[in-house]
Amino acid sequence: MQHPDFLHETATLTAQQPLTSGYVLLTLHAPRIAKQARPGQFIHARIPGLESCALRRPFSIHDTEGETLSIIYKRVGRGTEQLATLAPNTKLDLIGPLGNGFPLPRDGATPVLVVGGYGVAPLHFFARRLATTGHLFIGGRTSSDILCVDVFQKLGWTVHITTEDASLGTRGRVTDALLPWLAQHNAPVEIFACGPDGMLRALSQLDVPTWISLDKHMVCGVGACLACIQKIKQPDGSVAQLRVCHDGPIFEARSVVW
Ligand SMILES: Cc1cc2nc3c(=O)[nH]c(=O)nc-3n(C[C@H](O)[C@H](O)[C@H](O)COP(=O)(O)OP(=O)(O)OC[C@H]3O[C@@H](n4cnc5c(N)ncnc54)[C@H](O)[C@@H]3O)c2cc1C
């Protein structure tokens, strides 16, 4: 998990494709960042139309293809609502690719991806780049929170879907499907996860090697301002104050002090 230097690039918006309600797939022409990006990394975007002092917004990289990169965003507030109004050819000021990215699965371990909501974005990129396949556990409140399943299936992943209202897959939370499966699966597994804090916390209780992507409010995105500090247990038992933007966003789940 090395940190290549990040880039500052003016990207051009090429398309905005609404997915299910509230989620949008946004594609950008950003040749330099697209070339360097690795799964689990993110971009920090200045959103045109917000006042000039407004903070950048971080988004995981969902995919890269040649000179383009894509993100999936959920409309939750001022910045993402403004992002949704932008038309093709709008210029966006980006820094990236930022963060450490996911490590490769250990030899012999079946990769298990655990996803909630827009957490699918970095794990879609991860699955597209991995030479192996495994199991995807994807959950949401309702069917419109379940994204990109067809891509994972085409890649050969076994997909397990849960929704809290039973509108797709089995009723319950993603851990309701994962835990029984883990109990019956005797071979080694390694979990890679991105989603809401509650889900990540539950995963950090498991006795399974697990990597989680933390979604923490951040300001500078490059490790300078200390706005996104997270306490992380060190191998010697001490607790370090690490920066999610620079030292993460991916951490070994059991090391996180919640
Ligand atoms: C490393 C990283 C990767 C991310 N990847 C994605 C992604 O792929 N797709 C996506 O849709 N979003 C992603 N996010 C979250 C995204 O940055 C926020 O949703 C966005 O900044 C909200 O901006 P806003 O102005 O629309 O909302 P605001 O008006 O700022 O806030 C609206 C609501 O969202 C909450 N919120 C804002 N920022 C965050 C945050 N970072 N984490 C949790 N809650 C937040 C606020 O508390 C508030 O309740 C990521 C965040 C991080 C740190």
Side-chain angles (χ1 to χ4, degrees), residues 1 3 6 16-28 30 33 37-64 69-86 92-102 113 115-128 138 140-141 144-148 151 192-201 211-223 225-230 242-251 256 258:
M1 290 200 290
H3 294 233
F6 66 86
Q16 297 236 48
Q17 182 193 337
L19 299 173
T20 58
S21 61
Y23 293 94
V24 181
L25 174 68
L26 180 149
T27 312
L28 296 158
I33 294 178
R38 290 178 297 110
Q41 292 189 297
F42 64 96
I43 53 166
H44 212 19
R46 194 178 291 291
I47 300 177
L50 288 185
E51 60 272 34
S52 59
C53 61
L55 303 177
R56 292 173 180 271
R57 301 298 196 270
F59 298 100
S60 299
I61 297 168
H62 161 259
D63 210 354
T64 64
L69 71 78
S70 55
I71 61 169
I72 289 180
Y73 67 90
K74 184 174 187 188
R75 294 163 61 166
V76 294
R78 215 159 56 97
T80 45
E81 288 298 346
Q82 174 61 21
L83 191 57
T85 68
L86 302 179
L92 275 89
D93 180 305
L94 304 185
I95 51 176
L98 297 172
N100 54 0
F102 287 111
L113 313 183
V115 164
Y118 62 73
V120 73
L123 291 164
H124 170 274
F125 192 16
F126 190 52
R128 292 250 298 140
I138 183 164
R141 285 208 185 97
S144 59
D145 297 314
I146 308 297
L147 305 169
C148 306
V151 180
F192 302 85
C194 187
D197 270 3
M199 183 192 101
L200 301 180
R201 269 176 190 248
W211 299 93
I212 58 177
S213 180
L214 290 184
D215 183 350
K216 190 113 176 166
H217 289 247
M218 50 183 65
V219 179
C220 75
V222 296
C225 75
L226 309 183
C228 60
I229 289 295
Q230 172 67 50
L242 299 188
R243 297 156 296 178
V244 171
C245 68
H246 181 77
D247 305 307
I250 319 292
F251 294 98
V256 175
W258 294 98

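Counting starts at 1 for both ligands and their atoms, in listed order. Residues: numbered from 1 along the sequence shown.
At a threshold of 4.5 Å between non-hydrogen side-chain atoms, the residues D247 and Q230 do not count as touching. Looking only at side-chain heavy atoms (C-beta outward), R243 and I229 come within less than 4.5 Å of each other.
Considering backbone and side-chain atoms alike, I72 places an N or O below 3.5 Å from some N or O of ligand 1. Checked against a 3.5 angstrom limit, the closest N/O atoms of G77 and ligand 1 fall inside it. Of the polar atoms of V76, none of the N or O atoms is found under 3.5 Å from an N or O of ligand 1, judged by distance alone. At under 3.5 Å, not a single nitrogen or oxygen of P249, backbone or side chain, sits near a nitrogen or oxygen of ligand 1.
Aromatic ring pairs are classed by plane angle as parallel below 30°, tilted from 30° to 60° and perpendicular above 60°; the pair F102 and F192 is perpendicular.
Atom numbering of ligand 1 starts at 1 in the shown order; those under 4.0 Å from a heavy atom of M218 are 53 (C). Listed by number with element, the atoms of ligand 1 under 4.0 Å from a non-hydrogen atom of Y73 are 9 (N), 10 (C), 11 (O). Less than 4.0 angstrom separates some heavy atom of K216 from each of these atoms of ligand 1: 41 (N), 53 (C).
Of the candidates H217, E81, R57, it is H217 that places a heavy atom closest to atom 45 (C) of ligand 1.
Atom 49 (O) of ligand 1 is never approached by the protein to below 4.0 angstrom, counting heavy atoms only. At least one protein heavy atom sits closer than 4.0 Å to atom 41 (N) of ligand 1. Inside a 4.0 Å radius of atom 53 (C) of ligand 1 there is at least one protein heavy atom.
The protein heavy-atom contact nearest to atom 51 (C) of ligand 1 is D215 OD1, 2.9 Å.
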